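What you see is a predicted model, and the numbers here were worked out from it, not measured in a lab. A note on names: the letters A, B, ... follow the listed sequences, proteins ahead of strands, and every chain is numbered from 1.
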Amino acid sequence: MNNHVLLEMRGIIKEFPGVKALKSVNFSLAAGEIHALLGENGAGKSTLMKILSGVYQKDAGEIVLNGQTIEITGPRQAQELGIGIIHQELNLVPELTVMENIFLGREPLRALGFVDWKTMREQAAQVLARLCSDISPDTVVSELSIGEQQMVEIAKALSYETKILIMDEPTAALTGRETEHLFGIIRQLAAGGVGIVYISHRMEELFALSSKITVMRDGAYIGTVNTTEATFDQLVKMMVGREMTARFPKEAASLGAEVLRVEGLSRQGVLDNVTFSVHAGEVVGVAGLMGAGRTEMARAVFGADPVDSGTINVAGKPTTIKTPADAIRAGIGLITEDRKHQGLILSLSVGENISLAALDTVSSQTFVSSKAEAGIVNSQIDRLRIRTPGAAALVKNLSGGNQQKVVIAKWLSTSPKVLIMDEPTRGVDVGAKAEIYQIMNMLTAAGVGILMISSELPEVLGMSDRVLVMHQGRILADMPVAVATQEKIMAYAAGGE
Amino acid sequence: MAAEQLKPKLSATIIRKMGPLLGLLLISLALALLSDRFLTVNNLLNVTRQVSLNAIISVGMTLVILTGGIDLSVGSIVAMAGSITAGLMAAGQGMGTAVIAGMVVGSILGLINGLLITKGKIPPFIATMGMMTVARGYTLVYTEGRPITGLTEDFRWLGAGYIMGIPVPVVIMALIFISAYFLLKKNQLGRYIYAIGGNEEAARLSGISTKKILVTVYTLSGLLAGLSGIILTSRLNSAQPTAGMGFELDAIAAVVLGGTSLAGGLGTIGGTLVGAMIIGVLDNGLNLLNVSSFYQQVAKGAVILLAVLLDRKRDK
Amino acid sequence: MAAEQLKPKLSATIIRKMGPLLGLLLISLALALLSDRFLTVNNLLNVTRQVSLNAIISVGMTLVILTGGIDLSVGSIVAMAGSITAGLMAAGQGMGTAVIAGMVVGSILGLINGLLITKGKIPPFIATMGMMTVARGYTLVYTEGRPITGLTEDFRWLGAGYIMGIPVPVVIMALIFISAYFLLKKNQLGRYIYAIGGNEEAARLSGISTKKILVTVYTLSGLLAGLSGIILTSRLNSAQPTAGMGFELDAIAAVVLGGTSLAGGLGTIGGTLVGAMIIGVLDNGLNLLNVSSFYQQVAKGAVILLAVLLDRKRDK
Amino acid sequence: GCGGNQSKEPAPAAKKAVVGLAVSTLNNPFFVDLKDGAKAAADANGLELVVMDAQNDASKQLANIENLIQQKVSVIIVNPVDSKAIVPAIEAANKANIPVITVDRGAAGGTVVSSIASDNVAGGKMAGQLIVDKLGGKGKVVELEGIPGTSAANDRGKGFNEAIKAAAGITVVAKQPADFDRAKGMKVMENILQANPEINAVFAHNDEMALGALEAIKAAKRANVMVVGFDATADAVKAVNEGGLAATVAQKPKDMGKISIETAKKVIAKETVPAAIPVALELVVKK
Ligand SMILES: Nc1ncnc2c1ncn2[C@@H]1O[C@H](COP(=O)(O)OP(=O)(O)OP(=O)(O)O)[C@@H](O)[C@H]1O
Ligand SMILES: Nc1ncnc2c1ncn2[C@@H]1O[C@H](COP(=O)(O)OP(=O)(O)OP(=O)(O)O)[C@@H](O)[C@H]1O
Ligand SMILES: O[C@@H]1[C@H](O)[C@H](O)CO[C@H]1O
Ligand SMILES: [Mg+2]
Ligand SMILES: [Mg+2]
């Protein structure tokens with residue numbers, strides 16, 4: 001076997017103003033190995049990989065590639081060294097086409113810097129075909145859904161020869177089918193001798209895919225284990241430093257009256273006669289493949305997008321919802337799937353983000369009472385155990401999981417009757433996930449109805465009371481969780497019976 | 001650990017906020033050393049009065065820039081509000097009516113800017129650039145290209161009077177800055193302004209009526225430009241159809257020198273006051289030092305660049 | 001289904017691109033009906049020659065705006081490059097040396113803009129605003145506030161000559177537009193310009209040296225402004241220290257009227273040509289119709305707003 | 001407390017007296033000449049001259065004069081951006097007991113010890129009369145206007161139109177602003193030429209626009225169009241002598257600058273000076 005050591009990172013240290021992100025981390029990767037990197041949100045996984053791919057420069061430590069100590073000074077140089085990366089955050093140019101994005105910075109050229117479009121299109125089509133994707137190379141990226149954009153990112157990383165391929169949560173926006181294709185390709189690459197670094201918060205993926213798992217905690221290296229010898233509980237303990245009880249700590253709440261009833265919601269080409277209801281204390285899970293229209297449905301109910309027809313009842317009363325403000329007034333909250341662009345104001349503090357949708361309740365005449373505001377902000381920070389230096393810290397400096405909790409806190413501050421959660425645990429570590437599930441329990445116990453859109457089937461099955469399955473803008477199935485199985489859901493999601 | 005992390009960040013923020021003030025003090029120190037006329041009570045009152053016109057406009061510009069927008073029409077609004085105020089007084093109206101009319105005109109032009117931007121979806125740069133041309137043209141039509149005189153006697157007080165030894169424009173400016181400070185720091189509207197500038201879509205999805213707030217902000221900018229135009233008219237004891245040309249650039253420079261980001265979402269009103277003072281002190285100082293007018297332009301541009309450059313470098 | 005979806009999108013794109021052209025045709029039609037002088041070969045050549053100065057600057061402005069930036073210094077660069085070219089000729093240098101020197105001056109000023117923006121991290125609006133003031137001031141210093149005359153005879157050809165019946169400035173403009181078209185459509189640099197405007201971080205992570213490209217773009221903008229200044233000097237047979245004032249607004253208007261987004265990443269060079277023609281035809285038409293000077297400004301601003309408004313509305 | 005100290009300083013007998021000159025703009029050769037004339041005269045008369053440039057902005061000029069008052073100059077010579085808007089500035093100088101002299105353009109109020117000016121209305125009339133005479137009272141004329149709203153544009157236009165109206169056979173076929181700017185003068189003239197197949201004369205409110213118009217006329221190869229400018233700048237006088245321009249109204253800005261300094265010197269010496277010093281306008285035609 002060709003499993004010689006490709007890469008050694010030793011004693012890597014990296015400090016950001018006020019944060020020691022990496023405190024002497026070691027990591028090594030062999031050719032043909034699929035090596036998972038695991039750790040809580042903010043443990044330093046992305047930072048370590050950004051150093052390897054030339055985005056950040058290390059403060060101290062050593063990187064040895066093929067036996068040679070090297071300095072990586074920029075993304076271009078990392079590429080030339082054969083290091084490819086799929087970043088955690090999408091990094092596409094929305095105005096350019098799929099193929100232009102795939103080959104950005106490495107366009108096939110003819111004389112005088114003129115771009116060879118034909119070759120570019122052919123090669124892009126080849127990579128996309130390898131991923132079994134039907135995205136056209138000529139589509140403008142802004143017209144793609146997040147999931148599709150994620151596929152383009154993957155195609156981009158696959159489009160050139162790498163010796164090391166880093167994948168930082170590549171499946172966060174993918175559903176089962178695309179994930180399976182991707183795994184096939186990853187195994188194929190590894191068989192060809194490529195060393196793969198795989199970061200994911202989905203534990204079952206790590207067990208299915210990786211051969212080794214390195215665990216980090218608080219910027220420190222904790223240890224490396226062989227996947228076959230590792231157990232779920234052991235890994236979690238390494239990650240969070242304590243035992244964790246249950247993965248899906250679902251507590252059944254008693255169902256109350258109907259809090260949300262949506263009837264005949266339609267929008268040309270996107271939503272087709274969507275009808276469903278949510279009761280107080282109930283979690284309704286929504287499953288479906290990428291682009292099934294789940295996000296569109298959530299946005300339509302929330303008044304973020306216009307609809308052609310349909311009625312909405314909140315707590316038994318017919319309600320007209322034309323804007324998000326209408327929805328909030330009626331008692332609906334929406335946790336968007338894209339927290340960076342739609343959920344958070346990155347330039348504001350944690351506290352200002354948390355109180356943003358509930359300023360009315362802490363103001364007299366439009367003047368904000370700092371005391372009342374601090375009251376709700378601090379109680380949310382405590383209640384959700386948000387890890388932040390304080391309410392005044394900038395939200396952009398928190399880890400992904402904690403940012404997600406800030407978004408949840410914002411909506412809890414409005415005391416909603418119905419909370420729509422679109423991919424609420426996307427990119428969130430197991431520990432924080434369990435905490436979010438506990439929050440959901442807390443809410444349902446208090447009589448809140450939850451509509452939870454999720455692409456993780458275990459989560460849908462583990463946390464819902466009822467499951468809806470969407471396909472091409474329609475709800476194809478509405479069943480109690482007791483009768484739902486992965487296979488059944490997948491069948492409906494694909495449009496079958 | 002939490003407290004530990006808070007400290008370095010806080011002091012960094014303070015330095016960031018103090019940067020412009022430091023710049024102002026340095027420039028003032030240099031001028032005080034070069035000219036014995038600079039650091040007199042009289043001259044400082046003089047500078048502050050000169051600064052007040054731009055500073056008042058800059059308050060509105062700060063709000064606009066905080067939302068991530070820009071207002072190029074303020075100079076033309078200065079001229080139009082001033083002309084209409086003067087026109088009414090020349091036609092026999094009292095000062096009160098005329099002043100209110102001028103402020104209403106400024107507000108309406110600002111309102112139109114806001115509607116063009118929110119309802120018409122025209123980028124702020126273009127919407128307010130169009131307004132700049134139209135309002136200037138209309139002012140010329142209204143005044144027939146001539147200055148308007150024959151203003152009432154009491155009207156002069158606005159630009160030339162004193163309240164307890166402080167020039168009236170300075171008092172007005174102070175009141176506006178204090179209000180703006182509270183608006184931005186303590187008020188819901190202020191919070192929403194920062195939120196829109198930080199991430200308009202997220203603000204909208206948090207239930208904020210972003211359009212209403214943007215319209216309010218441009219209206220306020222128009223109102224303040226109008227007020228500044230009225231004070232200018234009083235100072236000159238006549239309305240000039242060509243008044244206010246280029247004022248937009250001085251206002252934008254004041255806001256940016258004060259540390260507010262043109263991308264929106266970040267900045268303070270106190271910074272803007274400091275920024276406006278830097279420009280005013282520079283103008284005044286270069287005059288006192290008898291720097292040739294051509295070199296004055298070179299120097300002014302260079303100092304502004306240098307100040308922003310140092311500010312940004314320090315940030316790194 | 002894919003093909004089905006593709007069609008409406010394609011035709012929508014075409015309409016989007018045709019919008020400005022439609023506007024130009026409508027305005028031209030109106031003018032042709034109002035004035036029998038408008039639609040003559042002579043006048044059309046005349047308009048095109050007048051437009052060429054702004055159009056050449058607008059090509060550079062298009063590149064800059066596509067990256068998400070802005071260049072307010074072009075008007076001052078026009079004056080400085082023109083003055084230095086004229087100054088050299090007046091001092092006895094030949095036309096060739098003088099013209100090259102003028103273009104080098106434009107490029108250097110653009111280069112400085114680029115460095116201030118990339119190395120100095122000054123926002124483009126502020127960096128080029130500072131340059132606008134400094135370059136204007138320096139031009140006044142250099143010319144002592146007077147026009148420079150005494151240019152060589154052959155130099156006149158650049159602004160007043162013809163090549164096969166076509167005015168030389170128009171030929172130059174055409175060559176520049178064709179080059180820019182290929183640059184943006186077919187060339188790698190063009191890709192990078194769009195990429196930086198669309199998502200600078202993504203471009204950087206793709207290994208593109210964004211700074212180098214930004215510096216190149218601002219340098220090109222300076223070069224083209226310089227060239228325009230040289231042609232203007234030839235047209236006037238003298239260099240004016242006040243030349244080019246306000247040119248930046250016309251160039252920005254041309255780019256935006258042409259459908260390019262001020263946020264960067266979206267737009268075409270063909271649109272800019274149409275945008276520049278709209279402004280030129282408007283100026284020419286209002287002159288032909290002998291519209292009173294005051295109303296000209298109102299009309300020009302209103303038409304620009306209306307055009308952008310319709311363009312944006314249709315987009316919805 | 002330092003303001004009081006300084007006024008108690010002994011009067012610097014040996015120090016040169018300082019004269020402030022607040023010019024409307026230095027972007028225009030006319031005012032550069034005025035300033036140069038003043039500078040030369042100040043040097044010759046042992047005075048220190050402080051020049052301020054308002055860049056054609058009335059509010060900037062007010063600030064300029066306030067700053068001159070802060071410097072406690074002995075005399076302020078002002079070339080107003082606008083005759084009416086300058087009044088508060090002059091009143092402020094009056095209050096500070098600094099004598100004020102106006103030059104080129106007058107002031108509509110305040111106490112001015114002497115005003116040195118050419119009469120722009122009269123100048124416009126002279127230009128108009130010349131055109132009427134040369135055309136034999138018949139023909140089509142164009143008026144290129146200065147920056148809308150400036151007193152020079154208003155007054156010259158007024159004088160010109162008074163002269164033209166007196167001749168029934170003369171019609172103004174186009175009247176467009178070109179902002180005292182040569183490039184705009186050329187562009188506007190090009191368009192006017194397109195619109196009007198027959199044009200006999202052009203009056204431009206200053207030489208810059210006249211020279212721009214001349215280039216446009218030459219390029220269009222239109223013969224027999226007489227162009228009259230205003231200011232008699234060096235370029236324009238040269239063009240008159242070469243037969244390009246028909247005439248220009250000379251304002252003698254250098255003399256204005258010189259006379260204003262000489263007047264200031266007399267004011268400092270407490271001599272009496274005439275309240276109005278007219279500077280002769282002169283029609284410059286080919287010698
Ligand atoms: N540019 C930055 N400036 C300041 N702090 C940063 C920056 N990038 C990361 N950090 C901090 O460094 C730490 C490590 O972050 P990193 O993104 O590497 O975590 P991660 O393990 O990838 O987490 P996640 O699973 O949420 O993606 C966190 O505390 C984070 O807030
Ligand atoms: N910005 C956009 N422009 C054009 N089409 C879009 C856009 N966003 C989404 N779509 C399309 O709308 C449809 C529904 O997308 P949506 O994001 O609602 O799906 P989803 O079920 O929420 O999937 P995901 O798992 O990706 O969130 C898809 O066909 C998608 O391609
Ligand atoms: O008298 C001057 C000159 O004619 C100049 O050309 C424009 O401004 C006027 O006031
Ligand atoms: Mg990460
Ligand atoms: Mg979705």
Side-chain angles (χ1 to χ4, degrees), chain B residues 65 70 72-73 76 112 116 119-145 241 245-246 249 252-253 255-257 261-263 292-313 315-316, chain C residues 65 70 72-73 76 112 116 119-145 241 245-246 249 252-253 255-257 261-263 292-313 315-316:
Chain B
I65 290 180
I70 197 124
L72 300 181
S73 67
S76 296
I112 296 173
L116 287 170
K119 303 273 170 199
K121 303 200 191 306
I122 303 182
F125 193 101
I126 300 302
T128 58
M129 187 172 110
M131 177 59 82
M132 168 168 90
T133 315
V134 172
R136 177 70 59 193
Y138 181 76
T139 305
L140 287 166
V141 170
Y142 178 80
T143 60
E144 294 172 332
M245 276 188 181
L249 292 184
I252 295 167
V255 174
V256 173
L257 280 176
S261 151
L262 277 176
S292 122
S293 84
F294 300 160
Y295 283 106
Q296 270 190 35
Q297 291 193 48
V298 177
K300 191 174 159 185
V303 169
I304 290 179
L305 283 179
L306 207 71
V308 180
L309 196 66
L310 291 179
D311 206 46
R312 296 297 180 271
K313 275 282 161 196
D315 241 30
K316 274 281 303 178
Chain C
I65 290 180
I70 197 121
L72 301 182
S73 67
S76 296
I112 295 174
L116 286 171
K119 303 272 171 200
K121 304 199 190 311
I122 303 183
F125 192 100
I126 300 301
T128 59
M129 187 173 109
M131 177 58 83
M132 169 168 91
T133 314
V134 173
R136 177 70 60 191
Y138 181 77
T139 306
L140 286 167
V141 171
Y142 179 80
T143 60
E144 296 172 332
M245 275 191 183
L249 291 184
I252 294 167
V255 174
V256 173
L257 280 175
S261 153
L262 277 177
S292 121
S293 70
F294 303 155
Y295 283 106
Q296 270 191 32
Q297 291 196 49
V298 178
K300 193 174 159 186
V303 169
I304 290 178
L305 281 180
L306 207 71
V308 180
L309 196 65
L310 292 178
D311 206 47
R312 294 301 179 274
K313 276 280 160 197
D315 240 32
K316 271 285 301 177

Side chain, backbone, both or neither of [X] within contact of chain C (heavy atoms, under 4.5 Å):
{"X": "B/L257", "value": "neither"}
{"X": "B/M132", "value": "side chain"}
{"X": "B/A253", "value": "both"}

What part of C/Q296 lies closer than 4.5 angstrom to a heavy atom of chain B: side chain, backbone, both or neither?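 For C/Q296, there is no contact with chain B at all, as no heavy atom is under 4.5 Å.
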For a 4.5 angstrom cut-off between non-hydrogen side-chain atoms, does B/I70 reach C/F125?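 They are in side-chain contact.
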Partners meeting side-chain hydrogen bond (donor to acceptor under 3.5 Å, both in side chains) with C/S73 (sequence neighbours left out): C/D71, C/N113
Under 3.5 Å, sequence neighbours excluded: what are the donor-acceptor pairs made by side chains of residues 297-305 of chain C?
{"unit_1": "C/K300", "atom_1": "NZ", "unit_2": "C/D250", "atom_2": "OD1", "d": "3.4"}

Option that, when pairs with chain C are counted at under 4.5 Å, heavy atom only, ranks first among B/V134, B/V141, B/L72: B/V141
So does C/Y295 have more than 12 non-hydrogen atoms from other groups sitting under 6.0 Å from OH? no
Quick check: are there more than 12 heavy atoms from other residues, nucleotides or ligands sitting under 6.0 Å from OH of B/Y138? no
